[in-house]
A.B. asks: 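My questions all concern the structure below.
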Amino acid sequence: MLSIELFPLLLGLSAAMFTVGAVGVLVRRNPLVVLMSIELMLNAVNLAFVDYGRYLNSEDGQIFTLVVIVVAAAEAVVGLALVSQVYRSGRELDVDDLSEMRE
Amino acid sequence: MTAVDLLAYVVAGVALVSAAGVVLSAKTIYSALCLVGNMVSLAVLFLLLNAQFVAAVQIIIYAGAVMVLFVFIIALLDPGHDPDYEGPRRDPRLWVGIVAVGYITAQVFALAVNGTTYSKADHVLQGQRLAQAANPGDQHSFAFDPGSVNAAGNVQVLGRELFTTFLLPFEITSLLLIVAAVGAVYLTRRLPHAPAEPPGATAPVAALPEETAPEPGRETVGVG
């Protein structure tokens with residue numbers, strides 16, 4: 001059983017992982033790494049959910065963690081389908097070059 | 001500090017280092033490997049936090065299914081075309097974004113630790129007491145202490161909650177999965193104007209100096 005002093009540590013780990021994932025989305029140009037950074041951010045949110053749920057004596061955090069896992073799986077499936085289709089259309093995989101939908 | 005706390009410190013360090021590895025790795029496959037390490041260490045943390053079912057789901061769905069899909073796509077695409085070999089994006093506005101993200105995260109963390117949910121002075125979570133004082137008749141929220149959950153079983157408690165209180169979100173989740181599956185099948189259909197050749201075959205050789213022609217003797221080796 002974890003002692004309650006670990007609660008801010010795990011919350012800080014969650015915040016740090018979310019920051020690292022957000023910086024990865026901003027910095028990297030490979031769409032696969034961008035998708036993985038989004039997964040990292042969702043994982044950080046999962047950790048915060050379970051952490052709060054454990055120390056508030058509630059099971060709701062775990063339920064929402066399951067929902068977030070399903071959403072992350074659906075996001076990965078759609079994102080990877082887009083990546084493979086962009087690759088098949090004969091272009092470089094660079095998120096800076098994929099800007100036709102902007103205008 | 002107990003041995004469990006020490007394990008939590010070690011696993012948290014592993015999770016942080018592997019999270020940094022996802023962003024900092026030059027090759028995409030190393031990023032995927034670091035992400036698997038991150039997910040496994042998070043599953044260990046979930047186990048320590050009395051979330052056994054979520055830990056199992058984390059291993060099976062995330063580290064199993066999702067990462068296998070990522071590795072499959074990485075192996076399917078040409079790894080020589082990784083645009084990050086030219087370095088990360090160099091836009092001065094980017095640093096504003098990074099500083100803003102870090103600042104907001106630090107603010108949210110400070111608010112969560114020192115705010116209404118957690119008192120740093122006596123290490124007490126105040127949200128439960130405040131919620132029960134505001135709504136004394138609430139029998140549902142904050143009712144699952146680890147002892148009673150472990151007596152009934154984590155999977156049983158989660159399943160009962162999922163199919164009674166959270167039935168509508170559960171059904172919407174299943175709808176989302178169907179939409180994602182249909183959308184992925186629609187997106188990956190063969191376009192009528194798509195070139196038949198993959199881009200690696202038609203790319204100029206000058207842009208890819210590491211891509212050399214195969215040796216002429218290689219095809220005839222298997223004959224003799």
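Chain letters run A, B, ... following the sequence lines, proteins first and then strands; every chain starts at 1. Computed from a predicted structure; not experimentally measured.
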A.B. asks: With side chains defined as the heavy atoms from C-beta onward, is the minimum distance between B:Ile74 and A:Met36 less than 4.5 Å?
C.D. replies: yes
A.B. asks: Heavy atoms only, distances under 4.5 angstrom: which of B:Phe170, B:Tyr9, B:Tyr186, B:Phe72 has the most pairs with chain A? Name it, please.
C.D. replies: B:Tyr9
A.B. asks: So how far is it from A:Asp60 CG to B:Thr165 OG1, rounded to the nearest 0.5 Å?
C.D. replies: 7.5 Å
A.B. asks: Specify which of A:Val50, A:Ile63, A:Val70, A:Val23 makes the most heavy-atom pairs with chain B at under 4.5 Å.
C.D. replies: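 Most heavy-atom pairs under 4.5 Å with chain B: A:Ile63.
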A.B. asks: Please classify the contact between B:Val22 and chain A as side chain, backbone, both or neither, with a heavy-atom cut-off of under 4.5 Å.
C.D. replies: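 Both parts, heavy atoms under 4.5 Å.
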A.B. asks: Which residue in the set B:Val157, B:Val57, B:Val54 passes side chain to side chain contact (heavy atoms under 4.5 Å, CB included) when paired with A:Gln62?
C.D. replies: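 In the set B:Val157, B:Val57, B:Val54, the residue that makes a side chain to side chain contact (heavy atoms under 4.5 Å, CB included) with A:Gln62 is B:Val54.
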A.B. asks: At a heavy-atom distance under 4.5 Å, which candidate from A:Ile69, A:Val67, A:Val71 has the highest pair count against chain B?
C.D. replies: A:Ile69
A.B. asks: Contact part of B:Ala106 toward chain A, heavy-atom cut-off under 4.5 Å: side chain, backbone, both or neither?
C.D. replies: neither
A.B. asks: Go through the atoms of B:Leu49 and report whether side chain, backbone, both or neither lie under 4.5 Å from a heavy atom of chain A.
C.D. replies: both
A.B. asks: Please state whether the side chain, the backbone, both or neither of B:Leu16 comes within less than 4.5 Å of a heavy atom of chain A.
C.D. replies: both
A.B. asks: Looking only at non-hydrogen atoms, find the nearest pair between A:Ala74 and B:Ala180 and report the distance.
C.D. replies: CB-CB, 3.5 Å
A.B. asks: Between atom CG of B:Leu187 and atom CG of A:Leu80, what is the distance when rounded to the nearest 0.5 Å?
C.D. replies: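 Separation between the atoms: 11.0 Å.
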A.B. asks: What part of B:Leu158 is in contact with chain A, defined as an atom under 4.5 angstrom from a non-hydrogen atom: side chain, backbone, both or neither?
C.D. replies: both
A.B. asks: Does A:Arg54 reach the main-chain N or O of B:Leu48 with its side chain, forming a donor-acceptor pair under 3.5 Å?
C.D. replies: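 The answer is no, because no donor-acceptor pair under 3.5 Å joins these two groups.
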A.B. asks: Can you tell me which of A:Leu47, A:Val77, A:Leu10, A:Leu32 forms the most heavy-atom pairs within a distance under 4.5 Å of chain B?
C.D. replies: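 Highest number of heavy-atom pairs under 4.5 Å: A:Leu47.
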A.B. asks: Kindly give the heavy-atom pair with the smallest separation between A:Leu13 and B:Ala12, and that separation in Å.
C.D. replies: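 Heavy atoms of A:Leu13 and B:Ala12 come nearest at CD1-O, 3.6 Å.
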A.B. asks: Where do B:Asn154 and A:Glu59 land on the side chain to side chain contact (heavy atoms under 4.5 Å, CB included) test, with the steps shown first?
C.D. replies: CA-CA 9 Å; B:Asn154 181 263; A:Glu59 293 287 298; 3.9 Å; yes
A.B. asks: Restricting to non-hydrogen atoms, name the atom on B:Thr188 and the atom on A:Ala81 that form the minimum distance, rounded to 0.1 Å.
C.D. replies: CG2-CB, 3.6 Å
A.B. asks: Does any heavy atom of chain A fall under 4.5 Å from the side chain of B:Ile172, the backbone, both, or neither of them?
C.D. replies: neither
A.B. asks: Could you verify whether a donor N or O on one side chain and an acceptor N or O on the other, from A:Glu39 and B:Asn38, lie under 3.5 Å apart?
C.D. replies: no
A.B. asks: Locate the shortest heavy-atom distance separating A:Asn43 from B:Gln58; write the atom from each residue and the value.
C.D. replies: OD1-NE2, 3.0 Å
A.B. asks: Just do the side chain to side chain contact (heavy atoms under 4.5 Å, CB included) check on A:Asn46 and B:Leu42 with the steps written out, would you?
C.D. replies: CA-CA 9 Å; A:Asn46 281 347; B:Leu42 273 197; 5.6 Å; no
A.B. asks: Looking only at heavy atoms, what is the nearest atom pair of A:Ser37 and B:Val23, with distance?
C.D. replies: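 Result for this residue pair: OG-CG2, 4.2 Å.
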A.B. asks: Between atom OG of B:Ser31 and atom CG of A:Leu35, what is the distance when rounded to the nearest 0.5 Å?
C.D. replies: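 So the gap between those two atoms works out to 12.0 Å.
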A.B. asks: Do the non-hydrogen side-chain atoms of B:Leu76 and A:Tyr87 ever get within less than 4.5 Å of each other?
C.D. replies: no
A.B. asks: Using ring pair (Phe, Tyr, Trp, His ring centres under 6.0 Å) as the criterion, list what pairs up with B:Phe53, not counting sequence neighbours.
C.D. replies: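 Not a single residue meets the ring pair (Phe, Tyr, Trp, His ring centres under 6.0 Å) criterion with B:Phe53.
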A.B. asks: Heavy-atom distances under 4.5 Å only: say whether B:Ile98 touches chain A with side chain, backbone, both or neither.
C.D. replies: both
A.B. asks: So what's closer than 4.5 Å to chain A heavy atoms on B:Tyr62: side chain, backbone, both or neither?
C.D. replies: side chain
A.B. asks: Which pair of heavy atoms, one from B:Gly102 and one from A:Thr19, lies closest together, and at what distance?
C.D. replies: CA-CG2, 4.0 Å
A.B. asks: Quick one: what part of B:Leu162 sits under 4.5 Å from any heavy atom of chain A, side chain, backbone, both or neither?
C.D. replies: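 Contact with chain A involves both backbone and side-chain atoms of B:Leu162.
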